[in-house]
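Not measured: the values here are computed from a predicted model.
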Amino acid sequence: MNEKKRITLSCITWNALFVGTASLLIGLRTVSSTGALQNWNWTEVVFFCSFHFSFYFLISLLFGLAALFLSDVTRKNKVGFYGLLSINVVILTFLIANNYVFVLYRTHINLAMLQMTFLGGGKIVSFSSEMLAQIGGFLIGILFASFLFIKISQKIQNLKKTVYVILCGTVLVFLINNFINAYCRALYKTNITSISEKIPYLKPLTMTRFLERHGIISKEDIQKQSVNVSPSGRDLKHPLQPLICQPKDKKNIVFLFVDTL
């Protein structure tokens, strides 16, 4: 194997660092476009940034390990390289597409959306020629960025001590954020737990019983907070105007129409 082009653990860790950074920038654009970022204080912004970055850093790293395994088994550099390239492209494409979906519908891409898009035969979701051109441009940009991430990672993969310190620090940050989120969820602190919900596919740990068993929180704390949940941390601010319904015939059926998915 050519050592300079070889995919190593250091290489995929550096690549994960770049992917995590790119994912964070996309995530910041998403929450900024929805107006959420402007309403957060600095601690909430730090929580979002650290959680978002560490999550996608680890996602990229885990899939990168699979590419590294295939590269070592087949003893072919190209297998690892193209495997890593495919991982980068999929992650970044998903996050950019999710950005547009979340801004419109305040929900992340899910299986139902994918089925309507790809299995609907153009009857449910269709794209104009202009939109297809934009998608093509985005894919070219994503492919170039993904290629660049890997090439730079190969160039600096000899800086093993630095990247392994970053790896350990990122794992620690991810665990700490999970603990903070679990603690806040147990005490119904929605201003924190609602932040993690804005990170696509993130499923933080829940450990209410663990926290209670080890005396970190008590049943009284949980019951008190569950009763006195402050609505200020919630995103729901509807209806903006009083709902007034004066039908001609008094019927016992009310139809509610929601203009979203």
Just checking [X]: does its [atom1] atom have more than 12 heavy atoms from other residues, nucleotides or ligands closer to it than 6.0 angstrom?
| X | atom1 | answer |
| --- | --- | --- |
| F174 | CZ | yes |
| F63 | CZ | no |
| E130 | CD | no |

Practice problem: Examine distances only and state if a side-chain atom of S71 and a backbone atom of K76 form a donor-acceptor pair shorter than 3.5 Å. | Solution: yes
Practice problem: Output yes when a side-chain donor or acceptor of S60 lies under 3.5 Å from a complementary backbone atom of Y56, and no otherwise. | Solution: no
Is the closest side-chain heavy-atom distance between [X] and [Y] below 4.5 Å?
| X | Y | value |
| --- | --- | --- |
| V31 | W40 | yes |
| W14 | L159 | yes |
| I195 | F51 | no |
| V45 | N41 | no |
| F81 | Q154 | yes |

Practice problem: Give the minimum heavy-atom separation between L28 and L37, together with the two atoms involved. | Solution: O-CD2, 4.2 Å
Practice problem: Mind listing the closest non-hydrogen atom pair of H108 and K198 along with its distance? | Solution: CE1-O, 3.4 Å
Quiz item: side chain to side chain contact (heavy atoms under 4.5 Å, CB included) between V19 and N15: does it pass, once the steps are laid out?
Solution: CA-CA 6 Å; V19 172; N15 178 75; 4.0 Å; yes
Quiz item: Going through the distances and angles, do F94 and Y201 end up as a ring-ring contact (aromatic ring centres under 6.0 Å, His included)?
Solution: CA-CA 11 Å; F94 164 75; Y201 284 163; 5.1 Å; yes
Exercise. Supply the atom-to-atom distance L104 CG to T34 OG1, rounded to the nearest 0.5 angstrom.
Key: 11.5 Å
Quiz item: Atom CG in L139, atom CD1 in I96: separation rounded to 0.5 Å?
Solution: 8.5 Å
Quiz item: According to the interplanar angle, ranging from 0 to 90°, do the rings of F48 and H52 count as parallel (below 30°), tilted (30 to 60°) or perpendicular (above 60°)?
Solution: tilted
